[in-house]
Trainee: 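I'd like to ask you about the structure that follows.
Convention: sequence-line order gives letters A, B, ...; per-chain numbering from 1. Note that these values count all heavy atoms, side chains included, but never hydrogens, waters or copies made by symmetry. All of these numbers come straight from a predicted model, not from anything done at the bench.
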There are 2 protein chains.
Amino acid sequence: MGRRKRARPRLSEEAFVARCRAHGLAVTEQRRRIFAALAASRDHPSAEQIHRAVRERLPNLSLATVYKNLEALRRIGAVSDVNTLHDQGRYEAALLATGKGEPHHRLVCVSCKRILDLPDKGFDALRVSPSLTQGFEVRAVRVQVEGVCPQCRRKRRSPRRRKP
Amino acid sequence: MGRRKRARPRLSEEAFVARCRAHGLAVTEQRRRIFAALAASRDHPSAEQIHRAVRERLPNLSLATVYKNLEALRRIGAVSDVNTLHDQGRYEAALLATGKGEPHHRLVCVSCKRILDLPDKGFDALRVSPSLTQGFEVRAVRVQVEGVCPQCRRKRRSPRRRKP
DNA sequence: TTATATGCAAACTGTTTGCACGTAG
DNA sequence: CTACGTGCAAACAGTTTGCATATAA
């Protein structure tokens, strides 16, 4: 997390306060620090990581408050959650006569979280420039196409799951 | 799940039994049906979905058994889990002066699950052929590069998290 | 016969909720 | 002053584990 450099994203902090006001959210110390921790971090921290980081300054910050804020800030568009698919594990049969095994691509429904295979020969050829991989040892390049599946498009008023 | 067609993946079933034997796993009714459910399904079911599906035939199958089998089958390479990042939510600051907002790409460490942004102009131009999207309303095309981050490459013997 | 698998219940982890109190506006 | 936010503890969902019993090999 933002342990190293004292990165001060002043600009976004003002915009942040403005956006809170615009949406009727009070600007509290906790809220500001949670957002600041997020804005300062280069990776995409979990709620617990944010909690640990902000706690160094606000020792009685509760984890529940972190969650409540992440959700509130998500609603006003100041935060987004990187991991649409974190609610449960998903499995597939591997190898064998199933004709699988290649690093295949995916079609993900952002509403019901359904995942379908996306066989696209064009995508299979994708490579990433080593100058961009920040020292990672690359194992697979996978394309994830996010959208709304036919079922969820139909029943827009009663989608199969989760947050509006 | 595989409710519709009586898809019988005979071939993979034999290969499955062989692979179990090769790795000293007993071939039980439960194990075969769990794998069969997985092999027959077009999407990537969760443990609960598999449980519900197999339960129609084996009514006292326990959910714990499903989990134990998924893990055992993963170890012998007969099953793989589609969703590396399902263990916890990850967040990021959105919009504002952060210069974000574009559907950006990602570098994911398969070992410690860390997620970094991957700004690659080339990838931004990717489009998916409508003939492949199975009726989805496409919202974003995102490239996910999976690999091992520098830290985890170094401490290969003591990675920062999870399953070997 | 014996190593492995099963089912149950209890434990654990990440997340959410209810409520009394506190604080921003 | 009043609506909204906070912290705590309890509730929840998904997953894992321990153990007595059952079954494959």
Side-chain angles (χ1 to χ4, degrees), chain A residues 16-35 44-52 54-55 57-76 78-79 81-91 113 160-164, chain B residues 16-35 44-52 54-55 57-76 78-79 81-91 113 115 161-164:
Chain A
F16 169 72
V17 170
R19 182 171 287 238
C20 284
R21 297 245 155 87
H23 289 265
L25 291 193
V27 178
T28 65
E29 186 71 5
Q30 290 86 332
R31 186 159 288 162
R32 273 193 302 103
R33 295 228 187 237
I34 287 168
F35 180 78
H44 298 272
S46 66
E48 297 222 39
Q49 290 175 306
I50 296 167
H51 184 226
R52 268 199 298 280
V54 178
R55 227 162 203 246
R57 293 306 183 92
L58 295 181
N60 19 359
L61 175 71
S62 91
L63 186 53
T65 296
V66 174
Y67 279 110
K68 283 168 183 167
N69 272 287
L70 288 171
E71 173 58 15
L73 297 179
R74 195 194 57 78
R75 269 199 306 265
I76 70 168
V79 159
D81 65 318
V82 165
N83 191 3
T84 336
L85 295 174
H86 83 90
D87 56 333
Q88 50 189 188
R90 303 298 180 124
Y91 306 85
K113 312 290 176 71
R160 294 212 309 240
R161 289 232 242 147
R162 297 281 166 182
K163 306 171 183 174
Chain B
F16 170 72
V17 170
R19 180 171 287 236
C20 284
R21 296 246 155 84
H23 289 264
L25 290 193
V27 178
T28 64
E29 186 72 5
Q30 291 84 330
R31 186 159 286 162
R32 275 193 301 101
R33 295 227 185 237
I34 286 167
F35 180 78
H44 299 271
S46 67
E48 296 222 41
Q49 289 176 306
I50 296 168
H51 184 227
R52 268 198 299 278
V54 179
R55 226 163 204 245
R57 292 306 181 93
L58 294 181
N60 19 359
L61 174 71
S62 91
L63 186 52
T65 296
V66 174
Y67 279 110
K68 284 169 182 165
N69 272 287
L70 288 172
E71 173 58 15
L73 297 180
R74 194 194 59 78
R75 270 199 306 265
I76 70 169
V79 158
D81 65 317
V82 166
N83 192 2
T84 337
L85 296 174
H86 83 88
D87 56 333
Q88 49 188 189
R90 303 297 179 126
Y91 306 85
K113 312 290 176 73
I115 306 172
R161 287 234 243 144
R162 298 282 166 180
K163 304 170 185 175

Trainee: Just how far, in rounded Å, is C1' of dT6(C) from CZ of Arg32(B)?
Mentor: 15 Å
Trainee: Can you tell which of dT15(C), dG7(C), dT15(D) lies closest to the side chain of Ala47(A)?
Mentor: dT15(C)
Trainee: Both Tyr91(B) and Thr65(B) contact DNA chain C. Which one's nearest nucleotide lies toward the 5' end?
Mentor: Thr65(B)
Trainee: Please assess Gln88(B) against Arg90(B) for the test side chain to side chain contact (heavy atoms under 4.5 Å, CB included), listing each intermediate value before the final yes or no.
Mentor: CA-CA 7 Å; Gln88(B) 49 188 189; Arg90(B) 303 297 179 126; 3.5 Å; yes
Trainee: Can you identify which nucleotide, out of dG14(C), dG14(D), dG7(D), has its nearest atom closest to the Gln30(A) side chain?
Mentor: dG7(D)
Trainee: All N/O contacts under 3.5 Å from nucleotides 23-25 of chain D to the protein, with atom names and distances to one decimal?
Mentor:
unit_1: dA25(D); atom_1: OP1; unit_2: Arg21(B); atom_2: NH2; d: 3.3
unit_1: dA25(D); atom_1: OP1; unit_2: Val27(B); atom_2: N; d: 3.2

Trainee: Is a side-chain donor or acceptor of Asn69(A) paired with a backbone partner of Ile34(A) at a separation under 3.5 angstrom?
Mentor: no
Trainee: Check the pair Val27(A), Arg32(A) against side chain to side chain contact (heavy atoms under 4.5 Å, CB included), reporting the backbone distance first and the verdict last.
Mentor: CA-CA 7 Å; Val27(A) 178; Arg32(A) 273 193 302 103; 3.6 Å; yes
Trainee: Specify the separation, in whole Å, of atom CD of Glu71(B) and atom C1' of dT15(D).
Mentor: 11 Å
Trainee: Could you state the atom-to-atom distance from CD of Glu48(B) to P of dG14(D) in whole Å?
Mentor: 5 Å
Trainee: Looking at the base of dG18(C), is there any donor atom on it, or on the side chain of Lys68(A), that sits under 3.5 Å from an acceptor on the other one?
Mentor: yes
Trainee: Mind checking whether Phe16(B) and Leu73(B) have side chains closer than 4.5 Å, heavy atoms only?
Mentor: yes
Trainee: For Glu71(A) and Lys68(A), indicate whether the former's side chain and the latter's backbone hold a donor-acceptor pair under 3.5 Å.
Mentor: no
Trainee: Rounded to whole angstroms, how far apart are CD on Gln88(A) and P on dA13(D)?
Mentor: 12 Å
Trainee: Rounded to whole Å, how long is the line connecting atom CG of Leu61(A) with atom C1' of dG5(D)?
Mentor: 12 Å
Trainee: What are the two closest non-hydrogen atoms of Gly89(A) and His86(B), and how far apart are they?
Mentor: N-ND1, 3.6 Å
Trainee: Pick base, sugar-phosphate or nothing for Leu63(B), based on heavy-atom distances below 4.0 Å to the nucleic acid.
Mentor: base
Trainee: Side-chain N or O of Asn69(B) versus OP1/OP2 of dT6(C): is the shortest distance under 4.0 Å?
Mentor: yes
Trainee: Specify the separation, in whole Å, of atom NE2 of His51(A) and atom P of dT13(C).
Mentor: 16 Å
Trainee: Among dT6(C), dT16(C), dT6(D), which is the nearest nucleotide to the side chain of Tyr67(A)?
Mentor: dT16(C)
Trainee: Between Arg75(B) (CZ) and dA5(C) (C1'), how many Å, whole number?
Mentor: 13 Å
Trainee: Side chain of His86(B) only, please: which of dC8(D), dT6(C), dT15(D) is the nearest?
Mentor: dT15(D)
Trainee: Is a side-chain donor or acceptor of Arg55(A) paired with a backbone partner of Leu61(A) at a separation under 3.5 angstrom?
Mentor: yes
Trainee: Just the rounded figure in Å: distance from P of dG7(C) to CG of Leu58(B).
Mentor: 8 Å
